[in-house]
Amino acid sequence: MMILKVLVATALVAVQSFSLSYTIVLITAFASGACLYKDNFSVFRWIGAGAVIFVYLLISVGINDVVLTQFSDMFGLPNKYLLICVSFLVSALSIALPARLGTLIMQKFLTSETA
Amino acid sequence: MKTNFKMLFLLLCITLFITPFSGLPKLGSFLNFSTGIMQIRSPEFGEAELRLAHGSYRASAYLDSLGIPHIFAESDASASFMLGYLHARDRLFQMDLITRMMSANLAELVGDAALPSDAYWVHFEFSRRAKEYAEMVREKNPEIYARMQAYGEGVNRYINSMELSDLPEEYHLLDAKPRRWREENPFFLVKYMAMMLNHRKLDLHLQRVFNALPKHLVAQFYPMQEPYLETIIPELGDTLNRQETAARGPSRAAGIASTIAEREKRQGELVFGSNNWAVSGKKSASGEAILSNDMHLTLTLPAPWYEVHIKTPNKHVYGLSIPCSPVVVVGFNEAISWGLTNAHWDLVDYSEVAYTDSNTFLYGNESLAITRQVKELRLKNGDVRNVSLKSTEKGPIIRLDGTDYLVEWEGAKTGHEYLTFTKLEVASNWSEFLDALSHFTTPPQNFVFADTAGNIGLITNGKMPIKPKGFERGVFSTENSEARNTGTLAQAQLPQIYNPEKGFIASANQRQIYNSPHFFNGSDMAPPYRGKEISNNLRRINAATPADMRRIQADITDLSAADLLPVLLKELSEVNEFERELKMLAKWDYSMAKDLVAPTIYDQFRRSLFDEIRASVLKNDEIISPPHYVLITEVVRNDSFGELSRKDLMAAALNSALGKLRTQFGGDITTWTYGRYHQTSINHVLRIPAFSEPTFASDGSIYTPNVARGPHVTAGSSQRAIIHMTTPIRAWMNIAGGQSGRPSSPNFRNQIPLWKTVGLREVEFVGDKSELKKVTQVIHLGE
């Protein structure tokens with residue numbers, strides 16, 4: 001089981017790092033949740049996982065300051081770092097929500113099958 | 001049950017992330033770190049040296065710190081490939097907008113707001129014509145076709161190699177992807193320029209005037225040809241065959257649209273203006289010719305122009321290209337230089353369709369067939385809207401406000417402008433210059449010329465229909481259409497001059513010649529004030545230098561004040577109410593400088609005067625404004641308008657102007673500086689404030705050589721260039737924006753600070769890459 005967890009975590013980082021489409025991000029997270037259904041991670045634990053990936057990407061890729069300023073202005077945000085926070089939340093939720101859904105569907109499916 | 005509820009809730013949250021709401025992108029992908037805006041990188045942050053391989057193309061592009069490429073290529077096709085690659089890298093979204101607009105596909109990218117545009121342009125069937133054009137070029141000019149093909153391959157090479165981080169910001173916002181480039185797409189650029197510079201609804205607007213006003217007012221304020229004080233080529237007869245104002249007969253078109261857009265009423269404020277001039281060797285300090293050009297367009301980000309230097313075994317050219325095409329549009333080679341201003345010829349005819357039955361109509365005495373088809377317009381949400389098209393051999397039939405019009409427009413026809421620009425790149429004298437232009441049809445331009453032998457010239461080139469004697473403007477039935485145009489002029493008959501005695505030639509969108517015996521050339525020409533001020537300056541200079549040319553580009557003298565102000569001062573000199581303002585105006589030198597108060601009062605007064613004439617003399621605000629120069633001239637030469645005296649008219653206008661200024665800036669007149677009143681915005685093409693240049697105070701007016709169409713300026717000099725035809729040639733340029741179309745790029749608007757000061761930087765026109773001094777990035781194409 002530990003190997004599976006490592007594989008899932010690696011897959012998530014890989015998908016996020018290689019800038020694939022958002023649909024693939026959602027599907028991967030969903031599949032991860034389904035694979036780790038026995039661990040029954042809460043949404044908050046998945047957010048934690050998303051946050052780790054986000055920090056990793058932030059450090060490895062960096063942020064274009066001009067982009068940050070322009071888009072903060074566009075959304076009327078008082079501080080450009082608020083945009084990083086919003087992006088952080090969305091990125092983490094993009095993993096947490098489908099992953100938790102995957103877990104729940106798997107549990108529901110297996111429970112129904114057992115019954 | 002609890003699990004079901006949780007799952008439903010999670011599903012709902014995910015749906016919120018993947019659904020676009022009220023014009024916003026899908027927030028999940030847009031804000032996600034790995035797929036959204038945080039990934040955006042502009043190409044300047046990429047590798048300092050990049051290697052590409054594509055077929056047999058061989059070229060290298062050396063980009064300087066402003067992002068200007070110097071392309072050294074083994075063939076013209078290789079250079080075109082590299083230019084296509086760079087255009088795509090720097091201006092992909094802009095290219096997509098242009099091609100989508102003219103192929104009636106814009107709503108699919110930007111949404112329903114573009115549907116009216118698509119629904120209009122689809123009638124001209126430019127997509128079909130573009131394919132036909134490419135086919136024609138392939139057969140007749142394989143070398144140009146090879147360049148178009150290579151350019152397209154370059155664009156697609158970039159698109160195919162794009163990572164998410166390369167996707168322009170606008171695509172992230174619109175949740176869209178660029179389309180594959182097609183080799184016929186350069187055709188759309190020609191149509192886009194023709195649309196912008198030549199497509200007017202003047203017939204409709206004038207017919208509305210003819211229907212609304214009594215004959216004497218039409219004759220006075222909407223004459224066939226305005227009296228003119230400075231034509232472009234006065235040598236060809238400034239007073240030749242002056243015709244009296246053409247009085248208008250009874251309306252022949254009853255069904256003119258009842259509505260006119262507020263913007264269209266003020267057409268006089270909307271006319272684009274550009275300047276170009278050349279000084280011959282005998283009038284310059286160096287003995288060599290000097291050419292100057294500043295083209296005025298709507299100021300946008302990205303800028304319309306893309307500066308480029310290309311050297312191949314066949315050519316060595318420097319100038320401004322426009323993304324979408326593989327040619328230099330204005331610039332210079334080792335022998336000649338050329339520049340453009342818009343000719344403002346009236347080439348659009350609207351006629352009410354005289355149907356004989358549902359499939360035919362009368363065109364003169366002839367019965368012509370109508371071909372019907374249904375075209376699909378694609379919307380952003382995937383929906384499709386059907387539009388019924390009626391095509392004829394003369395042009396499309398378009399329904400506007402309930403009336404069917406046949407729209408005959410020279411600009412819609414297929415010309416061969418790319419042959420012109422291909423030949424211009426290698427032309428070496430006036431004769432080859434004219435030969436290149438013989439293929440140019442629309443939009444008609446005043447082409448100015450200078451060469452390294454000290455010669456200068458100018459020709460207004462384009463396809464000019466010959467109007468019959470007694471021609472009248474407005475909307476007619478197609479039964480009268482046959483007589484509207486009686487052929488087109490040969491190039492030799494077009495207005496042109498070579499090496500004029502006075503040693504200079506200048507154009508500023510005014511009428512080319514006063515009154516041609518054989519053609520009518522439009523009625524929305526620019527007032528002659530800019531042209532006159534430029535010519536006055538050039539007459540005064542005996543040993544011209546590039547610095548003199550720059551001073552003329554920066555000239556902010558408004559000569560309309562020289563006409564209007566003496567009349568104002570005379571009429572109201574004894575009115576105590578305006579004493580302070582009039583004293584200020586009396587001391588003023590007509591300089592539209594941003595730190596002065598007088599230009600604020602004058603400009604607002606002029607506008608209020610025009611409004612007063614519309615309200616009190618024409619008594620109609622639902623028609624297009626008379627040409628500005630006519631309005632000013634009529635005020636200068638008449639001391640009354642019916643029962644209204646000029647004094648009362650001027651008092652009312654000044655009173656209204658001062659009232660507006662007090663409301664806007666408060667009662668302290670000393671704070672009404674022109675810079676507070678007259679401000680410039682350079683907006684992003686999607687009008688996104690964060691991608692736009694913040695509004696700033698600016699000098700100039702619609703009538704000054706340093707043009708700034710205010711008071712809320714959104715159009716002006718899109719570029720400036722001075723080319724000194726020495727050996728080697730020295731040239732200075734600048735554009736109102738930057739090389740890159742990527743908002744996050746350091747080169748997106750970094751030329752604006754210099755542009756604001758009317759400054760120029762010297763370009764590097766060198767024959768060998770080793771002589772380049774400012775290279776920051778290199779792209780090699782080939783093994």
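Per chain, numbering begins at 1; letters A, B, ... match sequence-line order.
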* To do: Counting only heavy atoms closer than 4.5 Å, note whether B:Ile37 contacts chain A via side chain, backbone, both or neither.
  => both
* Pair A:Tyr56 + B:Phe33: ring centers closer than 6.0 Å -> no
* Asked: Once you round to the nearest 0.5 Å, how far does CG of A:Leu93 lie from CG of B:Leu10?
  -> 10.0 Å
* Asked: Which atom names give the shortest non-hydrogen contact between A:Gln70 and B:Ala690, and what distance separates them?
  -> O-CB, 3.1 Å
* Answer with side chain, backbone, both or neither: which region of B:Ile18 has an atom nearer than 4.5 Å to a non-hydrogen atom of chain A? => side chain
* Test log, rule side-chain contact (heavy atoms from CB on, under 4.5 Å), inputs B:Met7 and A:Ile105 -> CA-CA 8 Å; B:Met7 284 163 48; A:Ile105 287 176; 3.7 Å; yes
* Asked: Heavy-atom count around B:Phe9 CZ within 6.0 Å, excluding the residue itself: above 12?
  -> no
* Structure fact -> One should read off an interatomic distance between B:Asn32 CG and A:Leu26 CG, to the nearest 0.5 angstrom, of 8.0 Å
* Calculate, to the nearest 0.5 Å, the distance between atoms CG and CE belonging to B:Leu173 and A:Met74 respectively. => 4.5 Å
* Does the side-chain contact (heavy atoms from CB on, under 4.5 Å) test come out yes or no for A:Leu101 and B:Lys6, once each step is laid out? -> CA-CA 8 Å; A:Leu101 185 64; B:Lys6 279 184 184 172; over 6 Å; no
* Greater than 12 external heavy atoms within 6.0 Å of A:Tyr81's OH -> no
* Asked: Side chains of A:Val90 and B:Leu27: closer than 4.5 Å at any heavy-atom pair?
  -> no
* Select one option (side chain, backbone, both, neither) describing which atoms of B:Pro743 are under 4.5 Å from chain A's heavy atoms. => both
* **Options A:Ala96, A:Gly50, A:Ala92, A:Pro98, ranked by heavy-atom pairs under 4.5 Å with chain B, top entry** => A:Pro98
* Structure fact -> Ranked by heavy-atom pairs below 4.5 Å to chain B, first place among A:Leu83, A:Asp73, A:Val43, A:Thr69 goes to A:Leu83
* Structure fact -> So, the part of B:Phe30 with a heavy atom under 4.5 Å from chain A: the answer is side chain
* **Donor-acceptor pair, side chain of A:Ser87 and main chain of B:Leu31, under 3.5 angstrom** => yes
* Part of A:Phe30 within contact of chain B (heavy atom distance under 4.5 Å) -> neither
* So how far is it from B:Met38 CE to A:Phe71 CZ, rounded to the nearest 0.5 Å? -> 9.5 Å
* Would you indicate whether B:Glu163, at its atom CD, is surrounded by more than 12 heavy atoms from other residues, nucleotides or ligands within a distance under 6.0 Å? => no
* Is B:Ser34 close to A:Val25 at the side-chain level, that is, under 4.5 Å between some pair of heavy atoms? -> yes
